[in-house]
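The structure displayed is predicted, hence computed values, not measured ones. In this chain, numbering begins with 1 at the start of the sequence shown.
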Amino acid sequence: MTQSIADQYRRWFDYEKDSHAKVFTSLEAVNDQLRSSPLFQKALDLMAHLAAARRMWLFRFGVTSEKVELFPSNVSLAELRANFAEMEAAWSGYLGTLNDTEIRRVFEYQSYEGLHFSNTIADILTQLFGHSWYHRGQIAQLLRIIGAEPPVTDFVFWARERVGQK
């Protein structure tokens with residue numbers, strides 16, 4: 001089966017949504033005593049940053065008019081859940097409109113520092129997936145440090161299919 005480039009990015013986003021759901025399950029399983037740790041809050045703030053970064057790129061693509069705070073802090077777990085649901089719905093809508101021509105399109109944007117840059121849509125989508133992998137790894141480490149259990153979110157575990165019986 002041959003996938004278009006756009007279909008590949010949509011598949012990666014499905015994986016990312018599943019991974020984030022697993023992270024939320026792990027965060028929600030942390031007991032009340034461990035939730036008071038500054039490291040638990042740091043894990044929440046990193047998740048908030050992931051959502052903010054994705055929202056920022058929707059803004060830069062011209063999909064939304066909302067400029068967001070890139071590094072939110074002191075975010076609650078409930079607030080974070082709602083924020084992710086909104087962000088993922090917006091991204092699902094956006095990715096649903098993409099085709100391979102649009103993914104190759106070069107666009108210009110302004111950084112938060114006021115500098116101007118250009119990239120392809122594919123560059124940014126690739127960055128976003130790598131960015132999520134990176135920060136989910138940090139969150140997993142923070143959970144482990146406080147004595148909580150992080151989820152397994154490796155792509156291969158999500159994508160692999162069992163063959164035969166032993």
Side-chain angles (χ1 to χ4, degrees), residues 6 9-98 102-103 105-146 148 150-151 153 155:
Y9 283 112
R10 284 187 276 273
R11 180 173 184 247
W12 285 359
F13 189 65
D14 287 342
Y15 154 71
E16 186 170 282
K17 288 190 299 185
D18 184 67
S19 294
H20 291 154
K22 289 175 181 171
V23 171
F24 276 112
T25 298
S26 288
L27 290 168
E28 290 164 347
V30 172
N31 70 44
D32 289 340
Q33 183 179 357
L34 296 178
R35 287 184 186 200
S36 65
S37 167
L39 296 178
F40 181 77
Q41 186 60 55
K42 184 172 177 74
L44 295 180
D45 292 347
L46 282 170
M47 282 295 283
H49 171 65
L50 287 177
R54 277 207 165 265
R55 285 176 178 266
M56 175 196 65
W57 284 106
L58 286 176
F59 171 77
R60 287 180 177 168
F61 290 160
V63 175
T64 65
S65 59
E66 170 195 19
K67 188 173 181 179
V68 298
E69 168 60 40
L70 195 51
F71 295 97
S73 60
N74 297 315
V75 178
S76 73
L77 189 51
E79 177 184 10
L80 191 54
R81 260 273 195 211
N83 195 352
F84 258 79
E86 290 174 14
M87 175 275 293
E88 288 177 344
W91 267 94
S92 290
Y94 173 70
L95 290 171
T97 68
L98 289 183
E102 177 66 8
I103 283 177
R105 180 176 66 86
V106 175
F107 76 103
E108 294 182 11
Y109 59 94
Q110 184 175 352
S111 71
Y112 276 48
E113 296 78 25
L115 302 172
H116 293 266
F117 298 96
S118 68
N119 284 93
T120 64
I121 299 294
D123 289 343
I124 301 311
L125 295 177
T126 302
Q127 160 59 26
L128 285 169
F129 293 116
H131 184 248
S132 290
W133 289 327
Y134 176 75
H135 287 308
R136 278 196 311 270
Q138 290 178 315
I139 292 164
Q141 183 179 31
L142 290 168
L143 288 174
R144 192 162 275 126
I145 289 170
I146 65 170
T153 60
F155 179 77

- Task: Decide yes or no for F71 and E69: does some side-chain heavy atom of the first lie under 4.5 Å from some side-chain heavy atom of the second?
- Result: yes
- With F107 via ring-ring contact (aromatic ring centres under 6.0 Å, His included) - residues at least two apart: F61, Y109
- Aromatic rings W133 and F129: how do their planes relate, parallel, tilted or perpendicular, breaks at 30° and 60°? tilted
- Message: Can you tell me how far apart CH2 (W12) and OG (S19) are? Round to the nearest 0.5 Å.
- Response: 13.0 Å
- Query: When rounded to the nearest 0.5 angstrom, what is the spacing between NE2 in H131 and CD1 in I124?
  - Reply: 11.5 Å
- Message: Does any part of the side chain of N83, heavy atoms only, come nearer than 4.5 Å to the side chain of V75, both counted from C-beta?
- Response: no
- Task: Measure the CZ-CD distance between R60 and Q110 for me, rounded to the nearest 0.5 Å.
- Result: 8.5 Å
- Sidechain-backbone polar pair: R55 side chain, E86 backbone, donor-acceptor under 3.5 Å: no
- With the side chain counted from C-beta on, respond yes when R136 and P151 share a heavy-atom pair under 4.5 Å apart, and no when they do not. no
- Message: I need the Y94 OH to F13 CZ distance, nearest 0.5 Å.
- Response: 12.0 Å
- Query: For D14, what residues pass the salt bridge (charged side-chain N to carboxylate O under 4.0 Å, His left out) criterion, not counting sequence neighbours?
  - Reply: K17
- Item | Minimum heavy-atom distance between F59 and K67, given as atom pair plus value | CD1-N, 3.8 Å
- Query: Sub-3.5 Å donor-acceptor pair from the side chain of R105 to the main-chain atoms of I121, do we have one?
  - Reply: no
- Hey, are D45 and Q41 close enough side-chain-wise for a donor-acceptor pair under 3.5 Å? yes
- What one should report as the nearest heavy-atom pair of A122 and Y9 is O-OH, 3.4 Å
- Query: Can T153 and Y15 be counted as having a side-chain donor-acceptor contact under 3.5 angstrom?
  - Reply: no
- Any chance OH of Y134 has more than 12 other-residue heavy atoms, nucleotides or ligands included, within less than 6.0 Å? no
- Message: Keeping R81 on the side-chain end and F24 on the backbone end, is there a donor-acceptor pair under 3.5 Å?
- Response: no
- Minimum heavy-atom separation for P150 to S26, with atom names? C-OG, 3.7 Å
- For R35 and F40, which heavy atoms make the closest approach, and how far apart are they? O-CD2, 3.5 Å
- Message: Tell me whether the count of non-hydrogen atoms from other residues, nucleotides or ligands lying under 6.0 Å of NZ in K22 goes above 12.
- Response: yes
- Closest heavy-atom pair, A43 versus L27, reported as atoms and distance to 0.1 Å, is CB-CD2, 4.3 Å
- So do the side chains of W91 and E16 get within less than 4.5 Å of each other, counting heavy atoms only? no
- To the nearest 0.5 Å, how far apart are CD in Q138 and CG in L50? 9.0 Å
- Item | Spatial distance of atom OG1 (T97) from atom CD (E102) [nearest 0.5 Å] | 7.0 Å
- Item | Side-chain (H49) to main-chain (L70) donor-acceptor, under 3.5 angstrom | yes
- Item | Closest approach of L46 to L142 (non-hydrogen atoms, all atoms of both residues) | CD1-CD1, 3.8 Å
- Task: Start with the C-alpha gap between Q141 and I145, add the side-chain angles, then the distance that decides, and say whether side chain to side chain contact (heavy atoms under 4.5 Å, CB included) holds.
- Result: CA-CA 6 Å; Q141 183 179 31; I145 289 170; 4.0 Å; yes
- Quick one: are L34 and L143 in side-chain contact, heavy atoms under 4.5 Å? no
- Message: Any non-hydrogen side-chain atom of R10 less than 4.5 Å from a side-chain atom of L98?
- Response: yes
- Query: Does the side chain of T126 pick up a donor-acceptor pair with the side chain of D123 at under 3.5 Å?
  - Reply: no
